[in-house]
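Accompanying notes for the structure given below.
All figures in this text were calculated on a predicted structure; none of them were measured in a lab. Residue numbering restarts at 1 for every chain, and letters A, B, ... go by the order of the sequence lines.
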Amino acid sequence: MTPKTEQELLFRAKSLAGLTFSELAKELSIPVPENLTRDKGWVGTLLETALGANAGSKPEQDFQHLGIELKTIPVNSQGKPLETTFVCLAPLTQNSGVSWESSHVKNKLKKVLWIPVEGERHIPLAKRHIGYPILWEPSLQQEQRLKRDWEELMEYITLGKLTLINAKLGEVLQLRPKGANSRSTTKGIDQYGQIIDTLPLGFYLRKEFTADILNNFLYEK
DNA sequence: ATTTGATCATAA
DNA sequence: TTATGATCAAAT
């Protein structure tokens, strides 16, 4: 089921382009929910299943043997992202010696298969179309920007400045809550170096950054 | 509680 | 109108 090579994965992904969610879901015998309110991960899971990703919630890349992460990204009629993109949870403790090179962010974004999907809410979920896939690796410039933001944001975390963190920090990467709700907790470090219960945070890519990825693909062709 | 998959919905 | 902060579901 799982593709053996990058070429095979890409070929499969290309073959899905143009299908609607209901067409693909029918092939896979998966029911289509009315909307995404209570099924926010449905589109991502649908594409994972279709492409043979090792489903489940393991902390690894979707196609570990290929070193590729799969991301669906909702876009509007002009192909621009409608949402930010979750990358990974931010480690709030045990960060001594963690560098950009060894970070989860860098490793997650080494190679990403982006699949744009129609995301405008006026289109019924079942009728939304799957777009043409883009296999992306960060350019030197893109990685530099990511690294700069990551280092700035990690400084807030390691220095115990969690209360000063908000989504406005970071040019292309931001930190935002990532949990079941605002009462979710995880362990963090306060300004005195003490372990505290705090809101789990995740790294997200700003829309401008992912728009660039999708847009640059246009010029490569 | 934490990881995966993300989008929702209200404040600004 | 849009970005920030909040939230939803499944698997582990």
(request) Could you tell me, to 10°, how much the axis swings from one end of the helix from B:dA1-C:dT12 to B:dA12-C:dT1 to the other, five pairs per end? (result) 30°
(request) Grab the CZ-P distance between A:F86 and C:dG5 for me, whole Å please. (result) 17 Å
(request) Give the rounded distance in Å between these two atoms: CH2 of A:W42 and P of C:dA11. (result) 16 Å
(message) For a quick test of reading the model: is some side-chain N or O of A:K207 closer than 4.0 Å to OP1 or OP2 of C:dA3?
(response) yes
(message) Near DNA chain B, counting only heavy atoms under 4.0 Å, which residues of residues 166-195 of chain A show up?
(response) A:R176, A:K178, A:T185, A:T186
(request) Keeping to residues at least two apart or across chains, list the salt bridge (Lys or Arg N to Asp or Glu O under 4.0 Å) pairs with something in residues 17-37 of chain A. (result) none
Scan nucleotides 9-12 of chain B against the protein and return all N/O pairs shorter than 3.5 Å with their distances rounded to 0.1 Å.
none

(message) Does A:G41 reach a base, just sugar-phosphate, or nothing at all? Heavy atoms under 4.0 Å.
(response) base
(request) Please list all pairs passing the salt bridge (Lys or Arg N to Asp or Glu O under 4.0 Å) test where one or both residues lie in residues 209-218 of chain A, with sequence neighbours left out. (result) none
(message) Using the side chain to side chain contact (heavy atoms under 4.5 Å, CB included) criterion, which residues pair with A:L89? Sequence neighbours excluded.
(response) A:F86, A:K178
(request) Would you please name every residue forming a salt bridge (Lys or Arg N to Asp or Glu O under 4.0 Å) with A:E118, sequence neighbours left out? (result) none
(request) Give the rounded distance in Å between these two atoms: CG of A:N107 and P of B:dT3. (result) 16 Å
(request) Identify the two heavy atoms, one from A:F217 and one from A:P133, that lie closest to each other, and give their separation to 0.1 Å. (result) CZ-O, 4.0 Å
(request) Compare all side-chain heavy atoms of A:I165 with those of A:K161 and state whether any distance is below 4.5 angstrom. (result) no
(request) Just grab all the salt bridge (Lys or Arg N to Asp or Glu O under 4.0 Å) pairs involving residues 73-84 of chain A, residues at least two apart or on different chains. (result) none
(request) Flag the pair A:E69 and A:K71 as a salt bridge only when some basic side-chain nitrogen lies within less than 4.0 angstrom of an acidic carboxylate oxygen. (result) yes
(message) Tell me whether the side-chain N/O atoms of A:R206 come closer than 4.0 Å to OP1 or OP2 in C:dT4.
(response) yes
(message) Going by salt bridge (Lys or Arg N to Asp or Glu O under 4.0 Å), name the pairs with one or both residues in residues 186-206 of chain A, residues two or more places apart or in two chains.
(response) A:K187-A:D197
(request) Without swapping roles, check the side chain of A:D149 against the backbone of A:V172 for a donor-acceptor pair under 3.5 Å. (result) yes
(request) Could you list the residues that satisfy side chain to side chain contact (heavy atoms under 4.5 Å, CB included) with A:R148, not counting sequence neighbours? (result) A:E171
(request) Go through the N and O atoms of the side chain of A:Y204 and the base of B:dA6, and report whether any donor-acceptor pair is under 3.5 Å. (result) yes
(request) Kindly state which residues belonging to residues 63-74 of chain A come within less than 4.0 angstrom of DNA chain B, counting heavy atoms of the residue only, listed by number. (result) A:E69, A:K71, A:T72, A:P74
(request) For A:I115 and B:dA6, give me the distance from atom CD1 to atom C1', rounded to whole Å. (result) 15 Å
(message) If the threshold is 4.0 Å, N to carboxylate O, is there a salt bridge linking A:E137 and A:K110?
(response) no
(request) List in chain and number order the residues that pass side chain to side chain contact (heavy atoms under 4.5 Å, CB included) with A:N95, two or more places apart in sequence or in another chain; answer none if no residue qualifies. (result) A:P91, A:V98, A:M154, A:I157, A:T158
(message) Measuring only between side-chain heavy atoms, which start at C-beta, is A:P3 closer than 4.5 Å to A:R12?
(response) yes
(request) Would you indicate which nucleotide in B:dT3, B:dA6, C:dT4 comes nearest to any side-chain atom of A:L89? (result) B:dT3
(message) Without decimals, in angstroms, what is the distance between A:L162 CG and C:dG5 C1'?
(response) 16 Å
